[in-house]
Amino acid sequence: MSAFEGLRIFELIVILYGLSLIMYFYDFVKQDRKANQLAFWLLLLVWILQTIFLFREIYMTGTLPILSITEGLYFYAWLILLVSIVVNYFYKVDFLVFVINLIGFIIMLIFLVSHLNSQDTTFSTQFIGELLLFHIVLAFLSYTLFTISFAFSVLYLLQFKMLKEKKWGRTLKRLGRLGQMEELSFLMMIISTPLLLISLILGVIWAYVANDLFYWIDPKTIGSFIVIIIYGFMIYRKVVNKTVGKDLANANTIAFSILFLNYFLFSFLSNFHFN
C-alpha cells in the first residue's frame with residue numbers, strides 16, 4: 001500500500017496492539033474493568049490509525065485496496081479489528097475479544113512484513129530486524145517475570161512449611177503474608193504469559209520473512225510452546241477450578257523448571273537459536 005511508504009508508524013501499531021492484547025488477557029483473568037477500558041482505547045487507537053491509512057489509500061488509488069493478497073490482508077485485519085471493537089463495546093465477551101484480537105494481530109503482522117519485504121528498502125530491512133529485537137526483548141522480559149513469579153512461590157512454600165512446623169520468629173515475619181505472595185506470583189504469571197506468546201508470534205514471523213532456516217520441530221520452538229501451554233493451563237486452573245495456595249506454588253515451581261530447561265538445554269539443541 002503506497003500510503004505506508006516512508007512512514008514510521010509500524011512500530012507504534014505493533015506496540016499498541018500488543019499492549020492491548022496484554023490488557024485484554026489481564027482483564028479476562030482478573031475481571032478488571034479498568035484494564036478492559038484501557039485495552040479498548042488502545043485497540044480503538046490502532047483501528048483509527050488503520051482507518052486513516054485505508055481511506056488515504058482509497059483516495060489515492062480510487063478503489064478499495066483488496067486486489068492483491070497483501071492489500072487483502074490489510075483490509076481483513078481492519079475488519080477483524082472493527083468486529084472486535086463492536087463485540088467488546090456491546091457484548092463484553094472477554095475471551096472471544098482476546099482471541100479475535102490475537103488473530104487480528106497475527107494477520108496485521110503478516111501484512112506488515114509482507115508489504116515491507118516486497119519493497120526491498122533500507123527501512124524494510126530495518127523493520128524486519130526490529131521484529132527480531134522485539135522478539136528477544138519480550139522473551140527475556142517474560143522470563144524475568146516468570147522468575148519473579150517462581151521466587152514468590154518459593155517464598156510461599158518456605159513460609160507454609162515454617163507455619164506448619166510452628167517455627168515462629170523474625171524470619172517468618174519478614175517473609176510477608178501468604179496471600180500477598182500468592183497474589184504477586186499469580187500477577188507476574190498473568191503478565192508474562194501473553195508477553196511470551198507475543199514474543200513467539202514475532203519470532204515465527206521474523207524467521208519466515210528473514211529467510212532464516214526455521215524448523216517447526218526445533219526443540220527450542222516446541223519447548224517454548226509447551227511452556228505457554230503449561231502456564232496457560234495453570235492460569236485456567238486458578239481461574240476456573242480456583243486452585244490456590246500450595247498446589248499453585250508447587251505447579252509454578254514445576255513450570256519454571258521446564259522453562260529453565262527449555263532456555264538452557266533446548267537452546268543448545270536448537271537448529272538456529274544462538275547459532
Side-chain angles (χ1 to χ4, degrees), residues 8-54 73-113 130-131 134-135 137-146 148-149 183-205 227-229 231-240:
R8 294 300 305 268
I9 204 70
F10 302 100
E11 295 93 337
L12 179 61
I13 289 177
V14 172
I15 291 171
L16 292 176
Y17 220 142
L19 287 174
S20 177
L21 285 174
I22 295 172
M23 290 295 100
Y24 272 125
F25 186 79
Y26 180 85
D27 171 53
F28 170 70
V29 176
K30 300 290 288 184
Q31 297 183 355
D32 189 321
R33 289 295 94 185
K34 290 183 179 179
N36 181 277
Q37 291 174 0
L38 177 58
F40 174 80
W41 288 112
L42 288 172
L43 204 63
L44 185 61
L45 180 57
V46 172
W47 183 78
I48 290 173
L49 291 173
Q50 290 186 350
T51 302
I52 291 173
F53 293 134
L54 177 64
L73 283 174
Y74 182 82
F75 187 65
Y76 185 26
W78 180 83
L79 285 176
I80 288 177
L81 200 54
L82 176 60
V83 170
S84 68
I85 290 173
V86 172
V87 170
N88 180 75
Y89 186 81
F90 290 102
Y91 299 102
K92 307 298 182 183
V93 186
D94 298 328
F95 186 69
L96 176 62
V97 171
F98 173 76
V99 173
I100 291 175
N101 286 322
L102 183 62
I103 296 172
F105 179 71
I106 295 173
I107 294 174
M108 188 62 192
L109 278 175
I110 294 174
F111 159 75
L112 287 175
V113 297
E130 288 174 352
L131 278 183
F134 289 155
H135 161 66
V137 170
L138 290 180
F140 276 109
L141 182 57
S142 67
Y143 292 159
T144 301
L145 295 179
F146 278 130
I148 296 174
S149 176
E183 181 65 24
L184 290 173
S185 176
F186 188 58
L187 176 62
M188 295 298 102
M189 199 184 303
I190 294 172
I191 299 174
S192 51
T193 299
L195 277 177
L196 183 57
L197 179 59
I198 294 172
S199 171
L200 290 177
I201 293 172
L202 294 175
V204 169
I205 293 177
V227 168
I228 284 286
I229 293 172
Y231 277 103
F233 181 70
M234 288 171 55
I235 293 173
Y236 170 82
R237 287 191 60 194
K238 169 71 173 177
V239 175
V240 177

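For reference, positions follow the sequence shown, starting with 1.
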[X] (side chain) donor-acceptor with [Y] (main chain) under 3.5 angstrom:
X: Ser199; Y: Leu195; value: no
X: Thr144; Y: Phe140; value: yes
X: Tyr24; Y: Val99; value: no
X: Asp32; Y: Asp27; value: no

How many angstroms lie between [atom1] in [X] and [atom2] in [Y], if you round to the nearest 0.5 Å?
X: Ser20; Y: Ile15; atom1: OG; atom2: CD1; value: 13.5 Å
X: Leu21; Y: Ile198; atom1: CG; atom2: CD1; value: 5.0 Å
X: Tyr26; Y: Leu187; atom1: OH; atom2: CG; value: 5.5 Å
X: Leu45; Y: Gln50; atom1: CG; atom2: CD; value: 10.5 Å
X: Ile201; Y: Leu102; atom1: CD1; atom2: CG; value: 4.5 Å
X: Lys238; Y: Ser185; atom1: NZ; atom2: OG; value: 9.0 Å

If you compare all heavy atoms of [X] against all heavy atoms of [Y], which two are closest, and at what distance to 0.1 Å?
X: Ile107; Y: Tyr76; value: CD1-CE2, 3.2 Å
X: Met23; Y: Ala39; value: CB-CB, 3.4 Å
X: Ala77; Y: Gly104; value: CB-O, 4.3 Å
X: Leu196; Y: Tyr143; value: CD1-CE2, 4.1 Å
X: Gly18; Y: Phe105; value: N-CE1, 4.0 Å
X: Ile190; Y: Pro194; value: O-CD, 2.8 Å

Please examine the side chains of [Y] and [X], heavy atoms only from C-beta on, and report whether any two atoms are closer than 4.5 Å.
X: Thr193; Y: Phe146; answer: yes
X: Asn101; Y: Leu81; answer: yes
X: Asn36; Y: Asn88; answer: yes

Do Phe53 and Tyr74 have their ring centres less than 6.0 Å from each other?
no
Taking side-chain contact (heavy atoms from CB on, under 4.5 Å) as the test, write out the residues that go with Leu49, two or more places apart.
Ile9, Leu12, Ile13, Leu16
Does Phe134 form a side-chain contact (heavy atoms from CB on, under 4.5 Å) with Val137? I'd like the steps, not just the answer.
CA-CA 5 Å; Phe134 289 155; Val137 170; 5.8 Å; no
Tell me, with the steps shown, if Phe186 and Val29 meet side-chain contact (heavy atoms from CB on, under 4.5 Å).
CA-CA 10 Å; Phe186 188 58; Val29 176; 3.6 Å; yes
